[in-house]
Every structure is written in structure tokens, then in C-alpha cells.
Amino acid sequence: MEKLKKEKVLVTSALPYANGRIHLGHLSGAYLPADIYVRYKRLKGDDVIYICGSDEHGVPITITADKEKVSPKIIIDRYHELNKKAFEKFGMSFDIYSRTSIPIHHKTAQEFFKCFYDNGLLVEKKSMQFYDPKAKMFLPDRYVEGTCPKCGNEEARSDECEKCGSLYEPSELKNPKSKISGETPILKETSHWYLPLGKFQQRLEKYVDEMNKNYGWKENVLQYCRGWFKDGLKDRAVTRDLDWGIKVPLENAEGKVIYVWFEAVLGYISATKELSEKRNEPDLWKNYWQNPETKYVAFIGKDNIVFHTIIFPAMLMAWNDYNDDKYILPQNVPANEFLNFESKKFSKSRGWGVDVLEFLDMFPPDPLRYTLAANLPENKDTDFYWKEFQSRNNGELADILGNFINRTFTFAFKHFDGKVPPVYELQDIDKEMIELVKNYPEKIGKLIERYKIKDAVFEMMNLARAANKYFNDSEPWITVKKDKNRCATTINICLNTIYTLAEIFEPVIPFTSQKIFNMLDAEKVRWYESGQFHLETGKVLKKPEILFTKIEDKIIDEQLSMLDSGETASEDELITIDDFKKVKLMVAKVTEAEKVPKSDKLLKLKLHTGNDERQVVAGIAKSYSPEELIGKNILIVGNLKPAKLFGIESQGMILALDTDEKERVKIIEIDPSISPGRLAK
RNA sequence: GGCGAGGUAGCUCAGUAGGUUAGAGCAGUGGAAUCAUAAUCCACGUGUCGGGGGUUCGAAUCCCUCCCUCGCUACCA
């Protein structure tokens, strides 16, 4: 075993947004892999700190607060505490779980802002922003929806179209609507500061390239970066008009806060500062963040890639340009994909999924940690299935790992007074086992170093499999009668293997691992030494306990049936008759029809609805030709808000039925004797 | 329709500097054993590596094309 240099490692996990409870998907993405990595690093003897905390600013929190008619502080306090507790119960080993509402963070974020401002980096731009007179607030991009002036995308944001990627002035956006009140917002002048990311593009590309060359970034992360670089990095506003957040530290900046994307990533630094204070080591944070020796690894989910590979590094570069105390940049950003739940996306609003606290009320954390770790979305989205959870718990943790430990311990107690028996003459089978065990820590360590956690977990269980085989092949239940020394040797080797198992499994199932150490009355050792045999002959063992209880089919079936009922309830949500009365279903006669140029599915129709004429655009071109529609009596929704499709105004919606054939619909035809304009009731 | 990801044994998946008989876990079948949480161990797969075409001495692995699935997004009004 080569002596490895002690590394200085800084690990962060994405700051969860304090606007809801974390669910299993969150754990799989950014938290469990990081925790496994960190626990391994600690066992290895590296100097590591692990930082996380709640992200507590931004508009969604204010909206939740408004909905509940409480202050945003109530919301963030609630979710900060809940999530903190969930992480604790799950066994997350953060050195600190901080939050972005604390003064240290406000100060840090303001320092960065001020530094960029004072050095003339930030560009001030006056612009017309949407203002919702009813909600009395400026509307952030994502709360304004309208039609993109360039490509006609109807769900474009106020200054940017995600469809075609074009940027424009809010005044160019067509048909703006406030997503908060539904009102048409007015344009009001305001001014904001922008971070010119374009200035950093070349350096960022070089940075990503070099880090990848030296440390092997994940393919999905690189793809994402390439996409952003290809489009060219744009100026990004770093302030917002809002009263919830970190105040812009300038004169005449009333009502302005630092945009949450700018400050949230700095929360990692602030949290480390808070840790410094708590430990009463004022320079601790600098020893990591401003130490070129530090290896900084940022664990995140795929939705967060751009912030950690482009924006945050750009901010740190900018700081480093103007200051003598220079920050290090992420050395690796091992972003995971997403975890789905029983084949579908987690969805809070649809009640799909299980949140962490809910889960841990029913089951202990280790089986969950193991199941999630064995199935991490490292390369692609994966699923959490209740059945898989059961089979991993019963078939692997209980049957393979737990049972091996149990059968070994019962042997030690039945035949060797609960003490570690001595080793006598070694046969080939023993030597092979000893050699095998010796190599496992390094094998697994190498996988974890390369962020191949899933493979590492598989190897951990493989050692337990091999241990069972060794036990079987050695047949101690026979040797105990014929050759006690042989039996003693076998049990000694098995007990030492259990020691190694306790250590290598610690990052994944720390609670159980601790129980095993207790049973062995032993302590953790250095990771790379854990494959060697440490148990002294004659050492007194503690009585074994069952480490994993089996999960009955009944319990899993209950969960599955709860899912079923939960989902149908939300899908078939009942409406009142008043809800229905809002919809004006009306008979109309088609007078003209033509294809919309350049469109596959759209027809432009002129409809006669009794007293007036109206134009409707309908997506039925694949099912009907314009000619066959003319003269038909059909049913439409008459009081739908007009919308523009392909630049053509549509003043209603034609009702049609799905058919078995894909993309084919059947319009609802009304008896020709009914005159246009009649309403359905 | 656009973008992205994927289609490999019944299920979940691994498998890129292209090279002998394509792998693992689970499930299934048969067997061994009985110390142990009825837990373990061994043996067993003629899989069109989505279809077709191409490059190559040789492709699951590279190129083209088509089909299908999922996600996001859309002309779902």
C-alpha cells in the first residue's frame, strides 16, 4: 500500500432551496454521493471539510409567503429546520449546515458585489422592466410570460427566449402577462447592474478544459458547458427589484437586492466563515478557500451545472483579478442526473414521491442510503422503486451482509466463548481470502476517488459475497467437530473480514457500521490499513444484534397502494358547478378554412357564432382538410383568452376528441339544425 | 416539430484508445450444504447488442439513415 499524500479537500453540496421539503431525488443528486465521498476521505485521513446550507432568498419564497399570508422569514425558518433535521436523520455529515439569511453571508455577498462595482466591472443598464400594478412589484423574468418577438415562442421570458436563445428588451415582448396576478404588466424604468460574463469566456473555456484534462470531468457536465460556450456568454443582471434578499450596498439602491444566483453560490464561502467562527479558528475558511493546495469538489444535480462551472468560477476569477487574497476554483463538479420515483418525476404539486422525513419515519436511514447509493443517477436518470428498496434491504443488506456477520458471531459465541479465536496453520483457501480482503479498500477507494460511487458500493457488497463463500467452503460447522483449530482459523478470518466490511461500508451505511464496530469492540482505522487484520486473539466480542430486519411484502404493498390512491385523487380532482359555468361552450359554423403556412398542424378558421364572426386557429390539419370543414357545425370554447399562434390571433378553441390513432382527432360535430351561437349547458 | 438522453439476456443495468467464445445483479431451473435473519454456496442464458446501409481484415463500440422510448420544449388553442 503506497503512502498517499494527505490532501486538503473542500466539498460542497448544492444549497437546497428553503421553499419545500427535500425528497429522495435531492439526496441522490447532490447529497448522498458527496457524503459518501467525504466519509471516505475522512477515513483515508485527508483533511476535509464538508459545507452545505439553505438557500433562502429569491422570489418563489416570497410567493409562498404571500400565499400563506406570512413573512418570508417564517417560510425559510420552517424549511431550514425541516431540511436540516432530514439531513441529520439521513446521516449527512456536514461540518456545517448554514443558511444564506445570516449576516455573515449578507456581508460576503455585498463584498463581492462591491468589489466588482468599485472596479468598474459591473455594467449599469437602464431598462424597462415589467411591473405588476396589482401585485405592486417588479416581475422577475420567470413570472412574465409572453410571445418571443423572434421565434414566436409563446412562453418566452421577459428578456430572453429559452426556445431560440435570443435576448431582447422587455418592450419587444409581445402579449406580456404576469404569472402572479394574471394581469397585463406595465413597463416601468429601472436600472440594474450586469456581470459581463462574456469577458471571461476565454478563460472559462481554458479552465474547464484544463480541469477536465487533469481531473477527468464527467461527460454530461462537459456537454453542458460546451453548449453555453457555443452560444456565447451574455451579460447577466446581478440585481433585482425586490424587497426580500440581500440589499445592494450602494446609495440610491432602494428596493434592490442582489440577484439570488449571484449570492447563493457565495453561500458556500459564508458557511465556511460561519464554521470558522463556531470553531473559533478565524483563518479556517481561508485555509481552504484561498489555499492553492485545496481540492475543491462541488456536488450538484444537473440543473445546477451552469452556476458551478461557469458563473461561480467567473465570479471567483473576477475577485482574484482585483484582490490579493485569491480564491480557488472548483476542481471537479461531479453533477448527477435525476432520480425518478416509480418511473415518474418527483412532483410536489402532484403528490408524487416521498420526502425524506416521511421516509425516515418508516424506515431506518441505512437501507435507504444503500439503495440510493447502489442506484445513483451517475450517467443517466434512474428510478427509485419500492420493490427494489425491499429487495436491496432483504436480499443484500440482510441476507448477504447481515447474515454473514450474524452467522460468524453466533459461531464465535457458541464455540469460542465470544472471543476472537486464534489463527493456526493457514491453508490456501485462507491465504486467498486474506489476500482478497487486503486488496478491497484500495479497490473501492480508487472508485470513490473517481466518483464512481455506484461501482464502489457494488464492490463493497462483493466482499460480503466473497466472505459468505469463504465461510461455506471452509465448512466450520464440520471442522468444529473434527478439527477445532481449523475452525478457529476460519472464524478468526471471518471476524477480521467483518472488521474490514465495517470500515469499507462506513461511507454508505454509517449507522450500521458503527454497530458492527461496537460488536467487535473496535475502532475505525485508516482506510488503506483496514484490509489488514487488526483483531487481537482473545479479544472479547459483544453480543451480536440483528443489523437489518426484513421488510415484509405487506409493508411495501401498502406503500404502493397509497401511491395509487394518492395519484388518482389529484388527477381526477373534482370541480364545482361554478367552475364549469365559467366555460362557455358554444356552437359555431365554419365559414372559411385554410392551412397556416409553414405549419404542420394548424388551420386558420373563420367561424360564424350567431351575432359575430371570429377567427380561430386549430391544430387539426393532420386530421381534416380545410375543404371538408367548411359548413360544419362544431363546438368551441367561446370565452377563452385570445392567443397568438404563428402570429395569427386565435379567439377560441375547437373541441375535438382523441382517437386511437396518433395525432388524429375527431371534432365534435353538432346537429346542423342548431343555430350558431347557442350555448351548451 | 426542435433539443437532449437512451434502445444490450424475463427485469435493472455494465460494457469507447473497434479485435479471440458480449458481461454483472435480480428473477427462473437444477444441485450442495444446514453454522446463520428459511439466510448461504455451486451449475445453467442459441441474447438478430432497436432496423437497414456504410467504413474496416474485424463493430454493441466509428459514419449515414430509419423506427421506438423518456425528458425538456413547442404549432398540445
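Reminder, nothing fancy here: chain letters follow the sequence lines and each chain counts from 1. Values below: all heavy atoms of this structure, side chains included; hydrogens, waters and symmetry mates excluded.
Base pairing analysis places C44(B) opposite G28(B); the two distances defining the Watson-Crick or G-U wobble pair are each below 3.5 Å. For A9(B), there is no paired base (Watson-Crick or G-U wobble, both distances below 3.5 Å). Across all strands shown, C57(B) forms a Watson-Crick or G-U wobble pair with G19(B), both key distances being under 3.5 Å. With a 3.5 Å ceiling on both atom-pair distances, the Watson-Crick or G-U wobble partner of C3(B) is G71(B). A39(B) is unpaired under the criterion used here, namely a Watson-Crick or G-U wobble arrangement in which both key atom distances are under 3.5 Å.
Side-chain polar atoms of N462(A) and R465(A) form a donor-acceptor pair below 3.5 angstrom. Checked by atom type, the side-chain pair Y451(A)/E378(A) shows no donor-acceptor distance below 3.5 Å. Remark: the N492(A) side chain and the N496(A) side chain contain an N/O donor-acceptor pair separated by less than 3.5 Å. Counted by atom type alone, N518(A) and Q514(A) present one or more donor-acceptor pairs between their side chains at under 3.5 Å.
Spacing between atom OH of Y470(A) and atom P of C35(B) amounts to 18 Å, rounded to whole angstrom units. Straight-line distance from the CZ atom of F471(A) to the P atom of U34(B): 12 Å, rounded to whole Å. Taking atom CD1 on I478(A) and atom P on A36(B), their separation rounds to 14 Å, with Å as the unit. Atom CD of E337(A) and atom P of C70(B) are 18 Å apart (whole Å). Nucleotide G25(B) holds its P atom 13 Å from the CE atom of M461(A), rounded to whole Å. Rounded to an integer number of Å, the gap from CG of L339(A) to P of G71(B) is 15 Å. At whole-Å resolution of the value, NZ in K302(A) and C1' in G71(B) are 7 Å apart. For the pair K387(A) NZ and G25(B) C1', the computed distance is 18 Å after rounding to whole Å.
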So which protein nitrogen or oxygen atoms get under 3.5 Å of nucleotides 38-40 of chain B's nitrogens or oxygens?
{"residue": "A39(B)", "atom": "OP1", "partner": "K550(A)", "partner atom": "NZ", "Å": "3.2"}
{"residue": "A39(B)", "atom": "O5'", "partner": "K550(A)", "partner atom": "NZ", "Å": "3.2"}
{"residue": "A39(B)", "atom": "O2'", "partner": "D399(A)", "partner atom": "O", "Å": "2.9"}
{"residue": "A39(B)", "atom": "O2'", "partner": "N403(A)", "partner atom": "ND2", "Å": "2.3"}
{"residue": "U40(B)", "atom": "O2'", "partner": "R407(A)", "partner atom": "NH1", "Å": "3.4"}
{"residue": "U40(B)", "atom": "O2'", "partner": "N472(A)", "partner atom": "OD1", "Å": "2.9"}
{"residue": "U40(B)", "atom": "O2'", "partner": "N472(A)", "partner atom": "ND2", "Å": "3.3"}
{"residue": "U40(B)", "atom": "O2", "partner": "N472(A)", "partner atom": "ND2", "Å": "2.9"}

Sort me out a list of protein N/O and nucleotides 5-15 of chain B N/O pairs below 3.5 Å, or just none if empty.
{"residue": "A14(B)", "atom": "OP2", "partner": "K380(A)", "partner atom": "NZ", "Å": "3.1"}

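As rounded to the nearest Å, U48(B) and G30(B) have P atoms that lie 26 Å from one another. Of the P atoms belonging to G51(B) and U8(B), the separation is 10 Å, rounded to the nearest Å. Of the P atoms belonging to G7(B) and G50(B), the separation is 7 Å, rounded to the nearest Å. One C1' atom belongs to G18(B), the other to U56(B), and the distance between them is 9 Å to the nearest Å. Nucleotides G25(B) and U40(B) are separated by 13 Å at their P atoms, to the nearest Å. When the C1' atom is compared between G19(B) and A33(B), the two are found 43 Å apart, to the nearest whole Å. Atom C1' of C42(B) sits at a distance of 15 Å from the matching atom of U34(B), rounded to the whole Å. The gap from the C1' atom of A9(B) to that of G23(B) amounts to 10 Å, rounded to the nearest Å.
Two residues, S391(A) and H415(A), neighbour RNA chain B, and the one matched to the more 5' nucleotide by heavy-atom proximity is S391(A). Residues N462(A) and L401(A) both approach RNA chain B. Their nearest nucleotides, taken by heavy-atom distance, put N462(A) toward the 5′ side.
Here the straight-line distance linking atom CG of D399(A) with atom CG of N406(A) works out to 11.5 Å at 0.5 Å rounding.
Counting heavy atoms of neighbouring residues, nucleotides and ligands inside a 6.0 Å radius, atom CD of E552(A) does not exceed 12 of them. Within a 6.0 Å radius of NZ in K419(A), no more than 12 heavy atoms belonging to other residues, nucleotides or ligands are found.
The stretch residues 512-520 of chain A has no heavy atom under 4.0 angstrom from RNA chain B at all.
With distances taken from any side-chain atom of I546(A) to the nucleotides U34(B), G25(B), U37(B), the minimum falls on U37(B). Relative to the side chain of K414(A), the nucleotides U34(B), A36(B), C41(B) differ in distance, and A36(B) lies closest.
For H415(A), the ring pair (Phe, Tyr, Trp, His ring centres under 6.0 Å) criterion is met by F411(A), not counting sequence neighbours. Residues passing the ring pair (Phe, Tyr, Trp, His ring centres under 6.0 Å) test with F517(A) are Y499(A), sequence neighbours excluded. For H26(A), the ring pair (Phe, Tyr, Trp, His ring centres under 6.0 Å) criterion is met by H23(A), not counting sequence neighbours.
Within 4.0 Å (heavy atoms only), T410(A) reaches sugar-phosphate atoms of the nucleic acid but no base atom. As judged by a 4.0 angstrom heavy-atom cut-off over every strand, F458(A) is placed among residues touching the sugar-phosphate backbone only.
Taking the centre of each ring, F389(A) and F363(A) come in below the 6.0 Å mark.
In this structure, R407(A) is positioned above the aromatic face of F471(A), its NZ or CZ under 6.0 Å from the six-membered ring centre and within 45° of the axis. Figure legend: K302(A) and F338(A) shown as a cation-pi pair, the cationic atom lying under 6.0 angstrom from the six-membered ring centre and within 45 degrees of its axis.
Checking side-chain atoms of D417(A) against main-chain N and O of F413(A) turns up no donor-acceptor pair under 3.5 Å.
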